[in-house]
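Written out below as C-alpha cells is the structure these notes cover.
Computed from a prediction, not measured in an experiment: that's the story for all the values here.
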Amino acid sequence: QVGGRLTLAGYTASGGVQGAIAKTAESTYQRLTHEQQTIARNIFLRLTELGEGTEDTRRRAGLTELVPHDADSDAIKEVLQTLVEARLITTGQDEAEVAHEALIRGWPTLHRWLEKNRDGLRVHRHLTDAAEEWLELDQDPDALYRGVRLAQALEWAKDNERQLNNLEQQFLEQSQSALEEAERQREEARQRELTQARQLAEAQSRRVAVVRRALVGLGLLLLLTIIATVIAFYQAAQAVRLRQAAEEAVAKLEAAQLWLEDNAVEAEKQRQDERRSER
C-alpha cells in the first residue's frame, strides 16, 4: 500500500479480489471468540450451496434458519452483524447470504469445513429443505421423514445436535414420534393378530375335543351295539337249540307214552287171556 492505497502490485500479490476477501474473512474469523467462531462456522456452512459435480455456490437462507435451537439468538445476531460489517455477509428482508462467491472459492478455512464432511452437510441440507417444506405444508404428517432418510438424519444429529435450528429439531422429533407411533400401531396389530390366532386355535382345540369325545362316545356305542348284536345272535342260536331240544324231548315223551299205552293194552289182553284160561 502507498499512502493508504492498495497499489496494483500489492493487489496482484494479495491474490486479487478473491485473495483480499479470503484475508478479510480469515482475519475477521480469528478475532472472534471460540464460541463466536462456532456460530460463524455454522452461518457460513448454511449459506453455502453444495455443488453436485460443480463448484459450491452461495445460498440464501432465512435469519431464523441460522439460529440453532439451543443457542442465544442475541449472540447469533452479534456475530452476524460482525460479518455484515466486514462485508462478508449481506442481509435483507429477514434473509442472509454470502456477499461474494469468491469467499466460497478462495477462503481455505471455509473450504476445509466444506470438504471435511460433505456427506454430512448434504444430509443436513436435505433436512433443512425437508423441514421447511413440512412447515409450508402446515406440518403435514406425510411430509415427515421415514425409513432411510430418518435413520440418516438421526445418526447425523447425534454428533451435530447443536447445529440444528428449532424447525429442524421439531421436524426430527415429529418424524421420530411418527415412526414410534407407526411401530406401536404395528405392534398392537401384531398382538391383535396373535390374540385372534390364539383364540382361533383355542376354539379349534375345543371343537376337536368335542369331536374326539363324540367319536369316543360313538365308538363306545358302536362297541356296545356290536356286543349286544353278538349276544342277541348268541341268544337266538341258544333259543333255536333249546327249542330243538324241547321238541326232541316232547317227541320222546310222546313216543314213550305211546309205548306205555301199547304195553298197557298188551298187558290187559294177557290178563284177560289168563282169566279165560283159569275158567
Side-chain angles (χ1 to χ4, degrees), residues 15-136 152-153 156-157 159-172:
V17 173
Q18 183 168 301
I21 293 173
K23 286 183 178 180
T24 299
E26 188 64 30
S27 62
T28 302
Y29 177 75
Q30 293 300 331
R31 288 197 301 271
L32 299 175
T33 65
H34 177 72
E35 182 179 352
Q36 289 175 328
Q37 286 179 348
T38 299
I39 295 172
R41 177 181 179 276
N42 181 61
I43 291 173
F44 281 117
L45 289 177
R46 283 184 177 273
L47 297 181
T48 302
E49 188 69 52
L50 299 176
E52 298 291 343
T54 59
E55 290 186 335
D56 300 331
T57 57
R58 291 183 293 178
R59 174 179 178 271
R60 185 173 297 176
L63 297 180
T64 55
E65 180 189 326
L66 305 179
V67 183
H69 71 98
D70 61 348
D72 181 355
S73 59
D74 290 336
I76 305 294
K77 292 178 182 178
E78 183 179 349
V79 173
L80 190 59
Q81 183 61 35
T82 299
L83 300 178
V84 170
E85 290 175 354
R87 297 184 180 180
L88 300 174
I89 301 293
T90 60
T91 58
Q93 297 182 349
D94 297 327
E95 292 182 331
E97 65 178 342
V98 173
H100 308 280
E101 288 196 356
L103 174 64
I104 297 174
R105 300 189 179 98
W107 185 22
T109 298
L110 177 56
H111 183 73
R112 285 195 301 273
W113 292 340
L114 293 170
E115 292 303 316
K116 185 177 180 180
N117 185 13
R118 294 185 76 85
D119 290 339
L121 290 175
R122 285 192 173 92
V123 171
H124 189 192
R125 186 68 67 248
H126 192 282
L127 170 61
T128 302
D129 295 340
E132 290 177 350
E133 181 179 1
W134 173 66
L135 184 63
E136 290 174 0
Q152 289 177 339
W156 176 86
D159 299 323
N160 301 276
E161 185 178 3
R162 295 190 62 185
Q163 296 184 38
L164 296 173
N165 59 33
N166 287 330
L167 178 60
E168 294 162 351
Q169 179 74 14
Q170 184 182 7
F171 177 78
L172 271 185

Heavy-atom closest pair, residues [X] and [Y]:
| X | Y | value |
| --- | --- | --- |
| Trp156 | Gly120 | NE1-O, 3.3 Å |
| Ala40 | Leu32 | CB-CD1, 3.8 Å |
| Leu121 | Leu114 | CD1-O, 3.7 Å |
| Asp56 | Arg105 | O-NH2, 4.3 Å |
| Glu168 | Thr128 | OE2-OG1, 2.5 Å |
| Ala22 | Gly106 | CB-O, 3.3 Å |

Considering only heavy atoms from C-beta outward, does the side chain of [X] approach that of [Y] to under 4.5 Å?
| X | Y | answer |
| --- | --- | --- |
| His100 | Gln18 | no |
| Glu52 | Arg122 | yes |
| Asn166 | Val67 | no |
| Gln36 | Thr82 | no |
| Glu132 | Glu65 | yes |
| Val84 | Ile89 | yes |
| Tyr29 | Phe44 | no |
| Arg41 | Gln163 | yes |

Verify side chain to side chain contact (heavy atoms under 4.5 Å, CB included) between Leu80 and Leu63, making sure each step is shown before the conclusion. CA-CA 9 Å; Leu80 190 59; Leu63 297 180; 3.7 Å; yes
Euclidean distance, [Y] [atom2] relative to [X] [atom1], rounded to 0.5 Å:
| X | Y | atom1 | atom2 | result |
| --- | --- | --- | --- | --- |
| Asn42 | Trp113 | CG | CH2 | 10.0 Å |
| His111 | Thr48 | NE2 | OG1 | 12.0 Å |
| Leu110 | Glu115 | CG | CD | 10.0 Å |
| Asp72 | Glu78 | CG | CD | 9.0 Å |
| Thr28 | Arg87 | OG1 | CZ | 12.0 Å |
| Thr90 | Leu88 | OG1 | CG | 10.5 Å |

Pair Arg31 + Glu85, salt bridge at N-O below 4.0 Å: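 Result for this pair is no, no salt bridge flagged.
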Between Asp129 and Arg59, does any side-chain N to carboxylate O distance fall below 4.0 Å?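 Answer for the salt bridge query: yes.
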Going through the checks in order, is the side chain to side chain contact (heavy atoms under 4.5 Å, CB included) test met by Leu167 and Thr64? CA-CA 9 Å; Leu167 178 60; Thr64 55; over 6 Å; no
Donor-acceptor contact below 3.5 Å, side chain Arg58 vs main chain Leu47: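 Looks like no, no N/O pair under 3.5 Å.
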Near Gln93 CD, under 6.0 Å, is it more than 12 heavy atoms from other residues, nucleotides or ligands?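 Atom CD in Gln93 is not crowded, with 12 or fewer foreign heavy atoms closer than 6.0 Å.
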Are more than 12 heavy atoms from other residues, nucleotides or ligands located less than 6.0 Å from atom CZ of Arg162?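 No, CZ of Arg162 has 12 or fewer neighbouring heavy atoms, counting only those of other groups under 6.0 Å.
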Which residues pass the salt bridge (charged side-chain N to carboxylate O under 4.0 Å, His left out) test with Glu26, not counting sequence neighbours?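 For Glu26, no residue satisfies salt bridge (charged side-chain N to carboxylate O under 4.0 Å, His left out) once neighbours in sequence are set aside.
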Of all residues at least two apart in sequence or in a different chain, which pass the salt bridge (charged side-chain N to carboxylate O under 4.0 Å, His left out) check with Glu136?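 Counting only residues at least two positions away or on another chain, Glu136 forms no salt bridge (charged side-chain N to carboxylate O under 4.0 Å, His left out).
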Test side chain to side chain contact (heavy atoms under 4.5 Å, CB included) on Leu164 and Leu127 and set out the steps. CA-CA 9 Å; Leu164 296 173; Leu127 170 61; 3.5 Å; yes
